[in-house]
There are 4 protein chains.
Amino acid sequence: MSEGNVAADQLRLFIERIERLEEEKKGIADDVKDVYAEAKANGYDTKTMRAIVRLRRMEKHARDEADALLETYRNALGLA
Amino acid sequence: MSEGNVAADQLRLFIERIERLEEEKKGIADDVKDVYAEAKANGYDTKTMRAIVRLRRMEKHARDEADALLETYRNALGLA
Amino acid sequence: MSEGNVAADQLRLFIERIERLEEEKKGIADDVKDVYAEAKANGYDTKTMRAIVRLRRMEKHARDEADALLETYRNALGLA
Amino acid sequence: MSEGNVAADQLRLFIERIERLEEEKKGIADDVKDVYAEAKANGYDTKTMRAIVRLRRMEKHARDEADALLETYRNALGLA
DNA sequence: TCTTATTGTCCTCGAC
DNA sequence: GTCGAGGACAATAAGA
């Protein structure tokens, strides 16, 4: 079997990389949950906190989008 | 068969209502496409236009979200 | 500013038309959601309903395809 | 302002911790996407790959469940 | 074709 | 423990 399973091996490696990343991702998601729990234990309202996080994310996205649009304009006008 | 198919009839009515709405929705989506096509025919870059529409939508969402959050704060503080 | 902003004005009009249409579309999407919610409140399983709607749409699509094909044949044969 | 904003500061810290974690999470999600893209560039079908990953996750879950059940039995029987 | 945008489904989470 | 909302993910459709 010294040959022919190259493709299978490569696939397996891809799969394993993905699984490792997914695990990391899950770990971080758990960390996020912990922070909310800790905040709640300190008397904060998690619903409001989630709203704040959501708002800030939206604002950041809008800003990024605006920057990209401005860049598009610049290019269209041949500036910089 | 004057009886017993009440449920089936009701389900059919729900399905038909949904299908009617979906058709309307599709019609509007087609209208949007037409507007983009018309704009393109007038020399506008549709990709940029889509970016503008997206940006304005994001900004509006952020604004709405901010308003809702402010309202939450107001209530929490017993104001108004 | 009686001049030169014609293009900008026209663009703005296009954008506004699109945004208006998008809003209508969203309104209809909300209506659809309401119908599903109402059906659920009447004891129907929305997942199944969605499957039905999807199936009927596919069938309609298949029928339309068949009609188009038939039309193609007709034309190829010089029949009305 | 040496006083009274303790709560606000603490809240801000919680929010920032969450945002930092969310960013990390997004970074990893992007990494996953990259791996899929790389696999695709090597001739693999990503849809199939996703199915494999999903299946293995389910199998792991099933195994964990079985282990937990076994543990429950052990405890019920007073075995180490 | 190949990417990007939208849509739909699933699943988690907090509230009641 | 059920419900509804929200977010994440996957599938499909559209556009370049």
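Keep in mind the model is a prediction, meaning the values are calculated, not measured. Proteins get letters first, then strands, A, B, ... in listed order; numbering begins at 1 in each.
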Checking contacts here: which listed nucleotide (dA15(E), dG6(F), dT3(E)) is nearest the side-chain heavy atoms of K47(A)? dA15(E)
Counting the atoms with a prime plus P, OP1 and OP2 as sugar-phosphate, which does K26(D) contact under 4.0 Å by heavy atoms, base, sugar-phosphate, or nothing? nothing
Should K25(A) and E22(A) be marked as a salt bridge (charged side-chain N to carboxylate O under 4.0 Å, His left out) after you check the CA-CA gap, both sets of side-chain angles, and the distance that decides it? CA-CA 5 Å; K25(A) 191 147 67 82; E22(A) 295 284 7; 3.5 Å; yes
Atom CD1 of I28(B) and atom P of dT7(E): how far apart are they, to the nearest Å? 12 Å
Starting at atom OH of Y36(B), determine the distance to atom C1' of dA14(F), rounded to an integer number of angstrom. 12 Å
note: E65(B), atom CD; dA5(F), atom P; distance rounded to Å ~ 15 Å
Distance, rounded to the nearest Å, where L21(D) contributes CG and dA8(F) contributes P: 13 Å
In whole angstrom, what separates D64(B)'s CG from dG6(F)'s P? 13 Å
Does CZ in R56(C) sit with more than 12 non-hydrogen atoms of other residues, nucleotides or ligands closer than 6.0 Å? no
Residue pair K40(B)/K25(D) against DNA chain F: nearer the 5' end by closest nucleotide is K25(D)
Under 3.5 Å, which donor-acceptor pairs do the side chains of residues 71-80 of chain C form with other protein atoms, sequence neighbours left out?
unit_1: T72(C); atom_1: OG1; unit_2: A68(C); atom_2: O; d: 2.9
unit_1: N75(C); atom_1: ND2; unit_2: E71(C); atom_2: O; d: 3.4

N/O (side chain, R54(C)) to phosphate O (OP1/OP2, dT9(E)) under 4.0 Å: yes
How many Å lie between CE on M58(D) and P on dA10(F), as a whole number? 14 Å
Interatomic distance, E24(A) atom CD to I28(A) atom CD1 [nearest 0.5 angstrom]: 6.5 Å
Remember a base hit wins even if backbone is also touched, and classify K33(D) as base, sugar-phosphate or nothing at under 4.0 Å, heavy atoms. nothing
Can you tell me how far C1' of dC9(F) sits from CE of M49(D), to the nearest Å? 16 Å
Taking for each residue the nucleotide of DNA chain E bearing the nearest heavy atom, is the 5' side occupied by R57(B) or by D45(A)? R57(B)
According to ring-ring contact (aromatic ring centres under 6.0 Å, His included), does anything in residues 25-45 of chain C pair up with another residue at least two apart or in another chain? List the pairs. F14(B)-Y44(C)
Between R50(C) and R50(B), whichever has its closest DNA chain E nucleotide further toward 5' is R50(B)
D30(D) CG to dC9(F) C1', in whole Å, measures 14 Å
OP1 or OP2 of dA14(F) versus the side-chain N and O atoms of T46(B): is any pair under 4.0 Å? no
